[in-house]
Amino acid sequence: MAVAFWILAVVSVAAGIAVFVVDSMARATFALLASLLAVGLAFLLIDLEYLGVLIILMMVMEMLVMAVFMIMYMMNPAGLMPMKMVHNHRAAMIISAAVFVLLVAGIFLTSWPPRGGEPPADPTHQLGLAVMGPKMLVMMVIGVAILATMISTVVLATHRGRYARYGDDLERKRPLDPGEES
Amino acid sequence: MVVTGWLLRRAARHPRPFLVSAADGTRARLRCEAEIARRRWRPALSPAEAGLLVVCGAPGDELSEAVRTIWDGLPSPRARADLPGDASHDLVAHALDRAVARLADGAAPGRPHGGPDPGDLPMADRGPDRDGLSLDRLHVPLGPVLPDWPSGLVVETVLQGDVIQEATVRWLEDGEPFWAEPWDRAAAGRPVTRGEAGRRRAAAHLDGLGRLLSVAGWPAAARSARTVRDRLLADAPREALTAPYERLARQVRRSGTLRWMLRGVGPAGDGDALARLEARLTATRAAIGSIADEAPLDEDRPAGNLLNPDLLVGAELATARLMVASLDPGPAVAHA
Amino acid sequence: MSPWTAVLGLIALLAVGVLAIYLVSLLLSPREVLDARPFLSGHDPREHALSRFHVRWYAVTLVFLAFDMEMVFMYPWALVAAEVGAVALVEMFAFLGLLMVGVVYAWREGALRWS
Amino acid sequence: MPELGLLALPLALVVLGLAAAGLDAVLSGGRASAPFGEIARLLVQQRRRTTRPDVLLLRVGVISLVAAPLLAAVVIPLGDAPVADLSAGIVWFNAMEVCVWGALWLTGWSVNSVFPLVGAYRFVAQGLAYELPHMFALITVALGAGSLRMSEAVQAQQGLWFVVWMPLAFLIYLVSALAMAFWGPMSQPVGSDLAGGVRAELAGPDRLLFQAGRYALLVVAAGAAVPLFLGGGAGPVLPGWLWALVKTVAVLALLVWVRHRVPAVRMDRFTQVSWLVLIPLALVQLLVVGIVVV
């Protein structure tokens, strides 16, 4: 267990560093994914099976989407031309090192509370009950938030809305597709 | 090594051929495709997948250059067969046999190393885009050497993502004289029956249909079309052709997925890809119906479709391929 | 044997298998690696293929990511729905109903079509 | 059982994968021995490299394409117990299958060639279209079983197979199984219009692993349908593992056969249908199952 933890910890930190060292967007994204997968696997070590697997599931999909966007907008996405991808290198190094040290110090300086009670037999089950019971309000708020997110991203991302598709009075039966408009 | 030899011999029984046809190589290509189907080999889609390059006919300068590029991309063990445009069945079979023997030997012919230094390619440049963004543009020529692509056609495209921003069409050669042969002979004053022309016409339609179905990702139906085509060219009687053709036409017409994927694709004067498919099926049926007609051929060759590059602009790559396959275009130069 | 030991064992087996394939290939295939140009219908490339690739379906990715968040709740919900009873069903479908409103809106705005 | 499964699982994947490849070869006009010929050919074939490839990412891509189905298979019961009966087994299957997104995208990206690149992006678009209906199908099973454990999903089907009262979820699962293995109607990422798409530039051992991974995915997608919907190893007379095998072979044959009956589906048309038809259908199915279990 301890060995596995240390391996995963080293992998996640090393892959995290690699994100900034490699000069290909694809490599950077997948280094980040490797780092996050190591974190997900670490969750498995403390028997949070559902959360660990969920992290793997979500992060693979999300990193792929991130890769798609990074490559769409970043110059030289494959790193085929020698080129420095980091701006203000020195300051960035200092800031990130300082934040890392701060966070690690936080881990050691916090007085963690002693465990109270026994861990539940099935944490996933417990999670479900929490979502349905005391955290219900949270979930509903999140539902509205997600709806708002969907609407706002669609508004921001599509430059041709329903009036471009169905005509000014929404009279067209079959919408025009991109490239079809007159 | 013993193991290597054994594996090479096993592999040589299942070669993956990659066919290239020049304008005058149609007859050899058709014979070769029929022979490959008879031997139950599965054709390759790209040079990396292939082990056997078959060149049909005598390619011109530009096509020769393209063939050399393709040949350079084939990994060893590889073999090459060059067939003359009028290659007989025996010659085709013999050439394939020899190629298989070379594959089984595994003799990796030494190849000149180097070529242009790969590292000095530039990165893509930016350009304005349909969606109002300014992103990289790639120059991607389609043809002359591409599976299920009309012989001699080159479409130079500029891609942004997978959408064509610009397209120019050119033809390396004057189309495939093989399909026009009965009309050309009739025009030269030699006796040609309507049945003979109908047979050739039906085979041409089925050849194009095979390409369309293959591009549409339906290899099984494409194979059925090519089987009927090969039987037509092997002079099978009408009775032996109508049943398999009707089965194919029924299967194609009944496929809701195919209709869904072709509807609205490449609208031209004669409707969309789906309408063209329907018209082609009807025309093929009529042509097969006429193959017993002994009357002398007295009509002009039906005009082929032209490819308007504007049609391809704004289309996604898969749609563009469907458009080209459904038009089955020929060069603008008319055959006398 | 714990389940994870078995998984580790399988990963080890896979590693052996993959290594064996590359090793056999290294031993039996021609020594020299073929330096090929990318397949471009018989032409040489004019530029590197790797570029800023314009995806047309970027709006779909955003709707997907938003909708996807809800899966975090759905799996644990499926575990306890029978136990909690009808109220769980009502609550989850109210939640899903909200999301479907977003999907219908995205469809109406044409976010699900790109060519 | 796990010790036995450790050997039986890779063996089953290899044998069923070869059988699927053989059946596919026969249906596409080749010979049943074609997969063996292809393996021999790729083993002795010269290794090939395109202009400035990212070899590291290529290897990560093709190897994870094999690893993903193998790891997904650990939760599929071979008869009564899987190799690893994880408490979140259904989510694990889901997560491993999603890794194919990364595997395919990396393979297409790393060779620095247009056709594989376009194929790689096609698969991401395909993932965005099939993944949500797929997840809802899995959740419907979890809801019916009241558990995320595969073995408990099988237990819950002792009386009645899920396919009987979750037919929509089963159909949606089959569609998503085709999509995750980029097979048949969902094979645009490796389409013939792109000269083979993602795999267009692969030769030698890389291609061998890619093809192996693809068939393994198909087998695993078929195999998971058995504990999820078809009652696992339940059946008269024969032992459980044999029933599971028979059912897997049946689903696998169905998936292979579909390739020869249905042309390829483009995502620019399918995405809208997936979101507006498949997801609502999956939700209706979920609601029905929810009303039954509550």
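Below, chains carry the letters A, B, ... as their sequence lines are ordered, and counting in each starts from 1. Values below: every heavy atom of this structure, side chains too, minus hydrogens, waters and symmetry copies. Remember, it's a predicted structure, so these values are computed and weren't measured experimentally.
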Straight-line distance of B:L138 CG to C:H48 NE2, nearest 0.5 Å: 11.5 Å
Does CG belonging to B:D310 count more than 12 external heavy atoms closer than 6.0 Å? yes
Could you tell me if the side chain of C:E47 sits less than 4.5 Å from the side chain of B:L121, heavy atoms only? no
Considering all heavy atoms of both residues, which atom of C:F39 and which atom of B:S46 are nearest to each other, and what is their separation? CD2-CB, 4.3 Å
Chain C heavy atoms under 4.5 Å from B:L63: which part of the residue, side chain, backbone, both or neither? neither
When every non-hydrogen atom of C:R46 is compared with those of B:H139, the smallest separation belongs to NH2-NE2, 3.3 Å
Under 4.5 Å from any heavy atom of chain C - which part of B:V154: side chain
Is it the case that over 12 heavy atoms from other parts of the model lie below 6.0 angstrom from the CZ atom of B:R126? no
Once you round to the nearest 0.5 Å, how far does CZ of C:R37 lie from CD1 of B:I70? 10.0 Å
Could you tell me which non-hydrogen atom of B:P144 sits nearest to which non-hydrogen atom of C:H43, and how far apart they are? CD-NE2, 3.3 Å
When you measure from the side chain of C:S51 to the backbone N and O of B:D136, does any donor-acceptor pair fall under 3.5 Å? no
Any chance you could lay out the side-chain contact (heavy atoms from CB on, under 4.5 Å) test for C:R56 and B:E316, step after step, and finish with the verdict? CA-CA 10 Å; C:R56 309 279 155 176; B:E316 188 242 324; over 6 Å; no
I need the C:S41 OG to B:L142 CG distance, nearest 0.5 Å. 5.5 Å
Starting at CZ of C:R52, measure out to CZ of B:R137 and round the result to the nearest 0.5 Å. 12.5 Å
Which bit of C:P45 is near chain B, if near means a heavy-atom gap under 4.5 Å: side chain, backbone, both or neither? both
Looking only at non-hydrogen atoms, find the nearest pair between B:D72 and C:L34 and report the distance. O-CD1, 3.6 Å
